[in-house]
Each structure stands twice: as structure tokens, then as C-alpha cells.
Colleague: 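Just passing along the structure, written as C-alpha cells.
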Amino acid sequence: MSMDSVVAAEVENMEKIGFFDSGIGGISVLREFRKLRPNAEVYYIADWQYCPYGKKSDAVILERAHVLTENLLKQGCKLIVVACNTATAVAIDSLRATYPDVPFVGMEPAVKPAALHSKTGVVAILATPNTFNGRLYKETSARFAGDVKIITATGEGFVELVENGEFVSEHAKAIVSRILLPLLQEGVDHIVLGCTHYPFLKGVMQKIVGPDVEIIDPSLPVALRAVSLLDKM
């Protein structure tokens, strides 16, 4: 076999994985995946024209999820990470039904670890309205609703901060404080990040809530799930 043939075979066998989100939020998952699979060929789509997804209609999100999936499949992606909680909530069931031979990894608010480790019995979930309306969130939260009090809050303005690169500004601190301080008054000791944009604000969040409140970012578990599926392919 010639050297050219060897290179061609390596390219053909290279893992190709696709990620999509409304913007840069999904990079919070991608960077964890990169630590685990540094040599995988990754395609990432940021759907900026429609960002943010949080307040878009289900019809729009469904249409965009299918368009972006088609684009990633045309690039040869064998596995797709829906790196957006809102798109997962609205579209992942439809995507799996439409493309039964394609493994999809979606986002799910990490209610379980928060519920299991809470000492105050009060946990908060930060997400978008569409995520809270989704089947995955409802099913997951229902399983633990009897064990802890779950408070939901929408990160109003968080996506816009991240897309504008405002991670640590005074403006960011003011917007994040407006959402988080009422949660502290409720006695929460765990805050679950239910949007892939929100981990970019984790630093300023932690400064506001202090060391006694744990902020749970599901990015690594999602990346691990993607790697696990790749290993089975």
C-alpha cells in the first residue's frame, strides 16, 4: 500500500462528529469533548441568524435543528451533539425519529446530582422557557420533585452577554445578580446550568453566590456520553 493510500485510509476512518447550537454556547460542551478526543474531526455550527433559541417558536427550532443536522450529515458526521438545551427539548425526539441510524446526544439539566447532594433541600435550575417546557426536563425533575424543592429561573439576558463576550464585566455582574440573588434568599445550595451558554458566566456566578453554593455544569457528562457512543461505533 502506498503512503497516499495510507493517508487516505486514515482520513476516511477519522471520527467525524458534529455539534450545533444557536451561537457559541455549545463550545462549552465542545471544549470538554476536545479534552477527551483531541484527534476527532469536529464540525461546529453556530446558528447566529436565529440566536437565541430560547424564545423562538417550536416550529422555528424544529426547522433549524433539521437544517443544521442535514448540513452536518453532508460533512460526513457520524454522530451529532445537539449542544443546546432548548433545541434538545424541542427537537431531539424528532431528529431521532427522522434519522434512526444517526446517534444524537442531547442536553439535559443535571437535576439528579443537585438533588442527591443538596443539604438545604432546595435546588435551582437556570434555563430557557422552552427547556422547562420540554419532555426531558419534566421527566427528570418529576423523579426528584419529592426529594427536594426545585426552583426554576430563566437566565434573562445571559445568552446575549455571552454572545457579546461579556463574561466578567460590571454589566454582566448586574444582570446575573438580578437573577441569582432571589435564589439565594430561597435557600438554594445547588444551581444547575440548563443552557450551554451559561457556563461561560460561571465565574461571575460563583462570585455572587459564594463558595457554599455549587454550580453544576453538565458539559463534561455530555461530552463523556458522546465519547462512549463513538467507542461503540
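Small disclaimer: the values here were computed from a predicted structure and weren't measured.
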Colleague: Does a side-chain heavy-atom distance below 4.5 Å link Val188 with Ile191?
Modeller: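 Of all side-chain heavy-atom pairs linking Ile191 with Val188, at least one is under 4.5 Å.
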Colleague: Are Leu116 and Leu220 joined in one hydrophobic group, where the rule is that I, L, V, M, F, W and Y side chains link up if heavy atoms are under 4.5 Å apart?
Modeller: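 Result: no, two separate clusters.
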Colleague: Do Thr86 and Thr128 have side-chain atoms, one donor and one acceptor, less than 3.5 Å apart?
Modeller: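 There is such a pair (donor and acceptor under 3.5 Å, judged by atom type) between the side chains of Thr86 and Thr128.
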Colleague: Hydrophobic cluster membership, with links at side-chain heavy-atom distances under 4.5 Å among I/L/V/M/F/W/Y: are Leu36 and Leu230 in one?
Modeller: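 Cluster IDs for Leu36 and Leu230 match.
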Colleague: Between the side chains of Ser219 and Asp217, is a donor N or O closer than 3.5 angstrom to an acceptor N or O?
Modeller: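 Yes.
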Colleague: Between the main-chain N or O of Ala127 and the side-chain N or O of Thr131, is there a donor-acceptor pair closer than 3.5 Å?
Modeller: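 No, because the side chain of Thr131 does not come within donor-acceptor range (under 3.5 Å) of the backbone of Ala127.
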Colleague: Pick from Tyr198, Phe167, Phe200: which one makes a ring pair (Phe, Tyr, Trp, His ring centres under 6.0 Å) with Phe158?
Modeller: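 Running ring pair (Phe, Tyr, Trp, His ring centres under 6.0 Å) over Tyr198, Phe167, Phe200 with Phe158 returns exactly one hit, Tyr198.
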Colleague: Checking Lys35 now: which residues fulfil side-chain hydrogen bond (donor to acceptor under 3.5 Å, both in side chains) with it, not counting sequence neighbours?
Modeller: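 Lys35 satisfies side-chain hydrogen bond (donor to acceptor under 3.5 Å, both in side chains) with Glu32 only.
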Colleague: Tell me, do Leu180 and Leu126 make a side-chain contact under 4.5 Å, heavy atoms counted?
Modeller: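 Touching, per the 4.5 Å side-chain cut-off.
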Colleague: Any ion pair linking Arg64 and Asp47 (charged N to carboxylate O, less than 4.0 Å)?
Modeller: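 Answer for the salt bridge query: yes.
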Colleague: Do you know which two heavy atoms are closest between Asp189 and Ser118, and how far apart they sit?
Modeller: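 Taking Asp189 first and Ser118 second, the nearest heavy atoms are OD1-OG, 2.8 Å.
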Colleague: Return each pair, listed once, that meets ring-ring contact (aromatic ring centres under 6.0 Å, His included) where at least one residue sits in residues 30-55; pairs must be two or more places apart or across chains.
Modeller: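 Output for this query lists Phe19-Phe33.
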Colleague: Transitively linked via ILVMFWY side-chain contacts under 4.5 Å: Val192 with Val122?
Modeller: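 They do not share one cluster, since no chain of ILVMFWY contacts under 4.5 Å joins Val192 to Val122.
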Colleague: I'd like to know whether His190 forms a side-chain contact (heavy atoms from CB on, under 4.5 Å) with Val213, so could you lay out the CA-CA distance, the side-chain angles of the two residues, the decisive distance to 0.1 Å, and finally the verdict.
Modeller: CA-CA 5 Å; His190 285 71; Val213 176; 5.9 Å; no
Colleague: If hydrophobic clusters are built by linking Ile, Leu, Val, Met, Phe, Trp and Tyr wherever their side-chain heavy atoms come under 4.5 Å apart, do Val148 and Ile215 end up in the same one?
Modeller: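 They do not share one cluster, since no chain of ILVMFWY contacts under 4.5 Å joins Val148 to Ile215.
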Colleague: Honestly curious: do Ile45 and Val67 fall in one hydrophobic cluster under the side-chain, below-4.5 Å linking rule?
Modeller: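 No, separate clusters.
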Colleague: Quick one: SG on Cys77 to CG on Asn71, what's the gap to the nearest 0.5 Å?
Modeller: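 The SG atom of Cys77 sits 10.0 Å away from the CG atom of Asn71.
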Colleague: Looking at residues at least two apart in the chain, or sitting in another chain, which of them share a ring-ring contact (aromatic ring centres under 6.0 Å, His included) with Phe132?
Modeller: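 Partners of Phe132 under the ring-ring contact (aromatic ring centres under 6.0 Å, His included) test: Tyr137.
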Colleague: Is there a side-chain contact between Leu193 and Ile216, using heavy atoms and a 4.5 Å cut-off?
Modeller: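 Answer no - side chains too far apart.
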Colleague: Check the pair Arg37, Glu15 against salt bridge (Lys or Arg N to Asp or Glu O under 4.0 Å), reporting the backbone distance first and the verdict last.
Modeller: CA-CA 9 Å; Arg37 274 290 198 277; Glu15 296 172 335; 3.0 Å; yes
Colleague: Under a 4.0 Å N-O cut-off, is there an ion pair linking Arg178 with Glu156?
Modeller: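 A salt bridge is absent here (no side-chain N lies under 4.0 Å from a carboxylate O).
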Colleague: Can you measure from CZ (Phe104) to CD1 (Ile92) and round to the nearest 0.5 angstrom?
Modeller: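 One finds 7.5 Å between CZ of Phe104 and CD1 of Ile92.
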